[in-house]
Amino acid sequence: MRDAAPTTIYLKDYTPFGYVVDSVHLTFDLEPHSTRVTSQIAFTPNPEATDRSFFLHGEQLKLISAKIDGIAISPTVTEQGLSCDVPNAPFTWETVVEIDPANNTALEGLYMSNGMYCTQCEAEGFRKITFYPDRPDVMSVFTVRINGPHPVLLSNGNPVDAGPHWAEWHDPWPKPAYLFALVAGELLAHSSTFTTVSGKHVDLNLYVRPGDEGKCAFGMEALKKSMIWDEQVYGREYDLDVFNIVAVDDFNMGAMENKGLNVFNSSCVLASPETSTDDNFERIEAIIAHEYFHNWTGNRITCRDWFQLCLKEGLTVFRDSQFTSDLRSAPVKRIRDVIDLRGRQFAEDNGPLSHPVRPESFQEINNFYTATVYEKGAEVIGMLKRLVGDAAYAEAVDLYFARHDGQACTIEDWLKVFEDTTGRDLTQFKRWYSQAGTPRVNVTEDWTDGTYTLTFTQSTPATPGQPHKDPRVIPIAVGLLGSNGDEVRKTEMLELTEASQSFSFDGLSSRPTPSILREFSAPVILERDSTNAERAFLLAHDTDPFNRWEAGNALAKDARLNMITKGAAPDADYLDALQKLVRDDDLDPGFRALVLQPPSASDLAQTLFENEHAPDPQAIYDASETMAQTLAQTLADSLPRLYAATTVEGPYQPDAVGASNRMLNFRMLALLSRLDGGDQAAQQFASADNMTLQYAALVCLLSIDKGAEQNQAFFDQWKDDRLVMDKWFAAQVAFATPEKTAAIAATLTQHPLFDMKNPNRFRAVMGALAMNHAGFHHISGDAYSLLADWLIKLDPLNPQTTARMCSAFQTWKRYDADRQALIKIQLDRIAATPDLSRDTTEMITRIREA
Ligand code: PHE
Ligand code: ZN
C-alpha cells in the first residue's frame, strides 16, 4: 500500500492548529537523488487553540535528525507525519530530511523536469519536502537558502543575496506552505520591468529552457496588462520587488500562483505565432492573468481550509473572465464560457461526481480542483454581482481586502462583506455554495388584458448525499421584444426566490417575445416551450448577444435532436436562419462563427439524457455529419466568397479582431472541405504562415478522414517542438472517425515520442480519446479498455493526473445497457488494481456508485 486506508475529512471537524509558526528558515542542498532539506521553524503555542498535540505532516521523507531548542529528539514517525512532545512555550524546531526529486514522477513536492528542479505544493505537496503543519491556515514568513550548481536559483519573495552556487530569498508576506516554491536550473530569463501605480519598480522575469526564448514576449505583455488591469479595476497593487514566472514541461495542472514565483505548465505560457493558435494565445493571456490575480485573491487573502477552495478559485476565475472580456470581445467570451460550463460543469453536476461549490467532505483534495469549484464558483460570484449591482460589488470587495488582508478566510467571511455593505441577508444565496446540482427553471407565460406574466418554477434533482434541495435565489435577466424586433422592455433583473413565482409586465400594446436569462445570468437549465419561428426571431433581433447566440444554439440543437430521435430531415428553418446570419457582414465574425459552431456531441448527449433518452453516440455523430453536409450544400454558392472574406491581411497578430476572423475562416473551411474533398484545406495547410491556419487546415482534413500527407508533413516540420507535437498527437485522435479512434490512439501510444510520464503528452492522447465522443463510446468498447489500460499504468507513477482522467467515465450511466456493461467492466478492473492510489480509488468509487 502506498497510501494508508482512505479516510474522509469533514468541514465540520475544523479546528485551528495548536501552534503559531513565527518564522521558517529552509536550506536546500540540491542533489538529484538525495536532496537535503534543513528546516528551522519557530513555534509558539496558539492561544486560540485548545488542542496542543503536536503533529507535523510529512510523507516520503527520510528523517536524518530532529531537534527542539538545539537538543536531539526521537519523534514518532508514521506514513503521514511525525508527532512528539513539545514545550508549552515558544521553541525552535529543526529537522534535516532527505528526499529524491529525480524519482518523483507524481510531480508533487520537489521534482525534476528535464534536468531542472521545481516544486508543486498546492494542495498538500509541501509535506513531501519537509515536516510541517501543511494546512493553509498556518501562515508564516519564509527565508530560503538554496545550494546548488545551477545558474538560476529561485524561491518566493525578494532576492536577499547570492554567490557562486547559492542564493538566498526572503518573502516578507506571511503565507501558507502550499504557496512555497523553489526552482533551480539552467534557465534563460526574458526580462522586463513594471512601475506600479504608486511608483514602485518591479523586475519581471519569465524563465525558460534554452530554445524557448522566442516564445516569451506574448506572456510578458499579458503579465503587464494583468498588473495594470488589477490596479485599475480592483485597486490591487503588486507587493514585491520581483515577479518571476517559470515554464516547466512536466506539470499536472495549468499553472500555480506561488508567491512571487509562479510556475507554469509550458503549454500555458509559451507562445509564438508559428507554434500557437489563437485559442492558445487567448488561454495563455487568461492564465497569466489568473495566476497574477491570485496574488490578492488567494495569497494575501488565503483559504482557512481546503473546503474553502472556491473562495480563491471561483473569485479568481471570475476576475480573469472580466479581464478577458475587457481586453477582447465580452459577448464572445461569455458565449465560450457558457459552452465550456455546459460541457464540463453540467456534466459533473448531473452525474456521480456532483458536489457543492464548497464541498463538505473529501478523501483526496486533489480531486476537488473541479469545474464546479472553479467555473460554477465563478458563476456564483457573477450572480452575486448581478444581485447587488456593480457599485455595491466594488464596495464589498474593497471591504474584503481591507478587512481580511493577511488572513485565511471562509465563504462566510466573503458573504459577510456583502451583507455588511448592502444590508442584504444572504442566507438563501448561500445555498449556491452548499447545494450541489444544476437547478431546472421552468417558464410558462400568460398574456391577459395587456398584462404579460412569466411564471418560473425551480427544482434541482437529487445529487449524491443530497436527496432534498431548497429553492435558491436565482437572478433571471429578462428583456422583452416587440413584434418589429424593437426592445419594449430593457433588461430587468428578476429575483426568483420561491419554488414558484410570477412576474408581470404592464402597459404593453401587444404580446411581447421574451428574452429570458440574458447574459446567462444564472447557471441553470432553462426549460421553456418555444417555436423555431420565435428562435429565428430572437436570433435575428435580440439585443442581448448571449441570448441571440442562445436562440441559434437552441435551433441547432433541436434540429439535430429531431434527426436523432425522430429521424427528421435537417430543419429548413434552421438552415435558412444560418444562411441569413452568415451573410450578415454587420455581425462580428467571431459571433457568426460561434453560431455556426455545431453543438458538441456531449452537449447533445446531456440534453437527450435530460429528456430521458439514452444517447446513441453513433446516431449523434451521424446526425451532425448529415447536418454539416447539408449546410455545406445549402451555402455552396457563397462559401468560396465567405471563406475569402475572412482572410486577414498583413502579418499575423494574436489579437481579438484577427482571431475572430480566423474563427469564421475555420467554420467556412470546414464546410468547404465537405464539398471539395479537402482541396482548399490542403492549399491552406501548404501556404499557412501561422499555427492557427495550419492547424485549422489539418483538423478540417482529419475530420473528413483525409490528410495523411499533411499529417506526416506536420510531424516532419514540428517533431522537435514539444508543444506542437502535443497538438499533433491530440488532433489525430480527437478528429478521427468513430471506428478508427481507438486504434489510432493505441498506435500513438507506441510512438517513440509518446511519454506517459509527461502529463501534457499523456493528456494529448488519452484526453483526446475521451473527448472524441463517438470514438470513445464506440460500441466495440475498445476505447474504454484502452483508457483503462493506461490509467492503470499511470496510477503508480502519477496518481493526480490518473485520477483527473477517470472523469472520462463520469457520464457512463447516461448510455445504453450495452455500453454501461462495457464501462462497468473497466471500472471494476481499475478498482481491483492492487495498490491503487488514494486519488484514483476515490474517483473510481464515486463513479461506480452512480
Ligand atoms: N491553484 C492553481 C490555479 O488555479 C491550480 C493548481 C492546483 C495547480 C493544484 C497545481 C496544483 O491557478
Ligand atoms: Zn486558480
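In each ligand, atom 1 is the first atom listed, and ligand 1 is the first ligand listed. As the structure is a computational prediction, the values presented were derived from the model and not from experiment.
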Does the Lys NZ or Arg CZ of Lys175 fall within the cation-pi geometry relative to Phe180 - under 6.0 Å from the ring centre and within 45° of the axis? no

Angle subtended at the Zn ion (ligand 2) by Glu313 OE1 and His294 NE2, rounded to 10 degrees: 100°

The criterion is ring-ring contact (aromatic ring centres under 6.0 Å, His included); which residues satisfy it with Tyr374, sequence neighbours excluded? none

The Zn ion (ligand 2) -> His290, closest N, O or S atom is NE2

For the pair Trp306 and Tyr178, name the ring-plane relationship: parallel under 30°, tilted 30 to 60°, perpendicular over 60°. perpendicular

Under 3.5 Å: N or O atoms of ligand 1 paired with protein N or O:
from, atom 1, to, atom 2, distance (Å)
ligand 1, 1 (N), Glu122, OE1, 2.6
ligand 1, 1 (N), Glu257, OE1, 2.8
ligand 1, 1 (N), Glu313, OE2, 3.1
ligand 1, 4 (O), His290, NE2, 3.3
ligand 1, 4 (O), Glu313, OE1, 3.0
ligand 1, 4 (O), Glu313, OE2, 3.2
ligand 1, 4 (O), Tyr374, OH, 2.6
ligand 1, 12 (O), Glu257, OE1, 3.4
ligand 1, 12 (O), His290, NE2, 3.3
ligand 1, 12 (O), Glu291, OE1, 2.8
ligand 1, 12 (O), Glu291, OE2, 2.7

If we count only N and O atoms by modelled type, under 3.5 Å, do the side chains of Thr302 and Lys312 hold a donor and an acceptor together? no

Report yes or no: is the cationic atom of Arg135 (NZ for Lys, CZ for Arg) under 6.0 Å from the centre of the six-membered ring of Phe17, at an angle within 45° of the ring normal? no

Side chains of Tyr292 and Leu223, heavy atoms from C-beta outward: is any pair under 4.5 Å? yes

Please say whether the positively charged group of Lys793, taken as NZ for Lys or CZ for Arg, lies over the ring of Trp790, i.e. under 6.0 angstrom from the six-membered ring centre and within 45 degrees of the axis. yes

